[in-house]
Amino acid sequence: SETETDTKDQKLEVDMKVEARYRGKSKYYPGVITRVRLNGSVDINYDDGEKELGVKPELVRVIEDRSRSSRKSKSPSRSSRGPKVGQKCTAQFKGKGKFYP
């Protein structure tokens, strides 16, 4: 797509929407960067509930441009991290496909 960017052109940052090659395989999967490590690798929470730590930047491609991600980070829902005590939510049990209230 037009918004895909090579990681060499753009710095990887927390909350950035990306696609990455899970476990170095050939297929890319969508997710969000949750941590950028000092060695340049990143931790990713994939949209399907999987998590991967220490993903090499050459296995990651950005799918959201900087202007869109910087606007999103200013929204009230993104400024505070995680759910609050007493807040209603849905969650996946053990990362399986079904969400429960």
Could you tell me which non-hydrogen atom of Lys17 sits nearest to which non-hydrogen atom of Val32, and how far apart they are? CG-CG2, 4.4 Å

Where is the tightest heavy-atom contact between Leu12 and Val36, given as atom of each residue plus distance? O-CG2, 3.5 Å

Atom pair NZ (Lys27) and NZ (Lys25), whose distance is rounded to the nearest 0.5 Å: 12.5 Å

Taking all non-hydrogen atoms of both residues, which atom of Lys11 and which atom of Met16 are closest, and how far apart? O-CE, 3.3 Å

Closest contact, heavy atoms only, Arg21 versus Glu52: O-OE1, 4.2 Å

Just grab all the ring-ring contact (aromatic ring centres under 6.0 Å, His included) pairs involving residues 10-45, residues at least two apart or on different chains. Tyr22-Tyr46

Pair Val60, Ile44 - check side-chain contact (heavy atoms from CB on, under 4.5 Å), show working. CA-CA 10 Å; Val60 178; Ile44 298 175; 4.1 Å; yes

For Asn45, what residues pass the side-chain contact (heavy atoms from CB on, under 4.5 Å) criterion, not counting sequence neighbours? Thr34, Lys51

What residues form a side-chain contact (heavy atoms from CB on, under 4.5 Å) with Arg37, not counting sequence neighbours? Arg35, Asn39, Ser41, Asp43, Leu53

